[in-house]
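Excluded from the calculations below are hydrogen atoms, water molecules and symmetry mates; all remaining heavy atoms, backbone and side chain alike, are included. Letters A, B, ... mirror the listed sequences (proteins, then strands); counts begin at 1. Source: prediction; values computed, not measured.
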Number of protein chains: 2
Amino acid sequence: MGVADFNQIRRGEHLPERVATQIGKEISEGRIAPGDKLPTEHLLSKTFGVSRSVVREAIAQLRNEGLVETRQGVGAFATDMERRQSIRIEQDNLSDRVSFGSLFQLRLPLEIEAAGLAAIHHTPEDIARLDETLGRMSGAERWTNEGIIADLAFHRQVAAATQNEYFLMFLGFVAERIHLAINAARETAVLEEIVEITIAEHVAIRDAIASGDPSRARSAMRDHLVGAAARIDLSLDIF
Amino acid sequence: MGVADFNQIRRGEHLPERVATQIGKEISEGRIAPGDKLPTEHLLSKTFGVSRSVVREAIAQLRNEGLVETRQGVGAFATDMERRQSIRIEQDNLSDRVSFGSLFQLRLPLEIEAAGLAAIHHTPEDIARLDETLGRMSGAERWTNEGIIADLAFHRQVAAATQNEYFLMFLGFVAERIHLAINAARETAVLEEIVEITIAEHVAIRDAIASGDPSRARSAMRDHLVGAAARIDLSLDIF
DNA sequence: CCATATAAGGTTATCAGACAACCCTACAAG
DNA sequence: CTTGTAGGGTTGTCTGATAACCTTATATGG
């Protein structure tokens, strides 16, 4: 029964978050096995050097993520990862290049498949929305903040055009994370993306979807993503 | 400024959960628009007739789900769905066939791509784990509970063999949901899946990955999934 | 007049302590 | 042996207070 050696937590920002992270780490790294009982809230609060409210909020978060279950009068118990009710990505993790590349690699098949499905299932309204968004993207010489938001919206609308709620959910989530990471990187080193090319690629995607040809839509999306990856110096595994 | 008419909450079970549900409903149904400020914790606690602790825990939950953001000294604000920090699927939603099919459709490209990446990046240990799992699957005439668990484990191990943490995270999540839904369906109507075929398909996937040929691995996985979908009477959009 | 400090009030974040609700175990009573 | 009950432990909820922080208004100095 490895007794999970916690560290005192240092102040700074959002204590419950950090407490939850530490406890969560103990669980996902196996030091607290599934089914094991967590220390009592009272003990945890003493261990971390924070109040019981903070510990409670941390445990509540873990319960939301499905990592622990609590039973009044008994205690809190770790559940195994397979039962997780939600997916969560810490934004910090995306700062390193390997992790960012992994997420982009995940995005690739999702976007391509979404484009193909969109070609089949899109409605006239979907195409109209895409056109409206493309209008907002063009007209700018350099990347404006507006243009970046429109870019994100474009990809969301493609996902929506699949008429598949899960594509919208997952792709929206992944694309958002990637854009945030790119924006963060943009602050330090200004990336030289050629606006015209990017817009042209988007137009090609729109036309392919509108044509109703799934393989053409998939190709267009693939070309766009591979190009985008290359423009930010990212190497992917392509087939 | 629609003033969000909350009701007093009745005791019974898990107050924060229900408070969060009510507030969350106000947001997702648009009565509290993105960017709007929520009532103060003090006011909410009076409105709901619960203590501030409960309100805080409820808001913390919404914050975890990404529906609200809080700024110390200012207030809590509703954010829009695009910014959601986590993905969540209610198991109930998968009971209807359309939703289930949508999730399976999402799984398709993820699994196929994962098989391709696994063919490239797998380690000898990955192959050994796959073999061990295949051993647990075979030997049974009918589908045992053990066999189903092994099936799930096999797919998780393929995802792990990509050496891409996000494939493991997303695919593990999606596959788990699908298996749960299938199991639930199995209780009412016993599905006649031919064990031999399913196992043979898994072996084919394993061999393809071990061979290091991505396109062969992708084909094998695709055949398996398409076959599995057909066996449970599901029609997919295939390219 | 303008820009910068400073004070005031409101809000969230955290703390501390108490009581309620609930569960489990052990022990006593029948 | 079964049932009842008392006790201690744990989570759930309540209350009130203090700290940290933000916004706005006011004062101050140039």
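As rounded to whole Å, 16 Å separates atom C1' of C:dT14 from atom CZ of A:Phe48. Protein atom CZ of A:Phe77 is 10 Å distant from nucleotide atom C1' of C:dC23, rounded to whole Å. Taking atom NZ on A:Lys46 and atom P on C:dC15, their separation rounds to 16 Å, with Å as the unit. Rounded to an integer number of Å, the gap from A:Leu44 CG to C:dA16 P is 15 Å. Straight-line distance from the CG atom of A:Leu43 to the C1' atom of D:dG9: 13 Å, rounded to whole Å. Per the geometry, CD belonging to B:Glu17 stands 11 Å off P belonging to D:dT13, to the nearest Å.
Side-chain contact, B:Asp151 with B:His202: a donor N or O sits under 3.5 Å from an acceptor N or O. For the residue pair A:Glu165 and B:Ser102, no side-chain donor N or O sits within less than 3.5 Å of a side-chain acceptor on the partner. No side-chain N or O of B:Arg56 forms a donor-acceptor pair with one of A:Ser53 less than 3.5 Å apart. Side-chain atoms of B:Asn64 and A:Glu65 include no donor-acceptor pair closer than 3.5 Å.
Side-chain atoms of A:Leu110 and B:Leu106, non-hydrogen and from C-beta on, do get closer than 4.5 Å to each other.
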Protein-nucleic acid N or O pairs under 3.5 Å, nucleotides 10-12 of chain C:
| unit_1 | atom_1 | unit_2 | atom_2 | d |
| --- | --- | --- | --- | --- |
| C:dG10 | N2 | B:Gly73 | O | 3.0 |
| C:dT11 | O2 | B:Gly73 | N | 3.4 |
| C:dT12 | OP2 | B:Glu41 | N | 3.2 |
| C:dT12 | O4' | B:Gly73 | N | 3.3 |

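Cation-pi geometry between B:Arg177 and B:Phe173 is met: under 6.0 angstrom from the ring centre, within 45 degrees of the axis.
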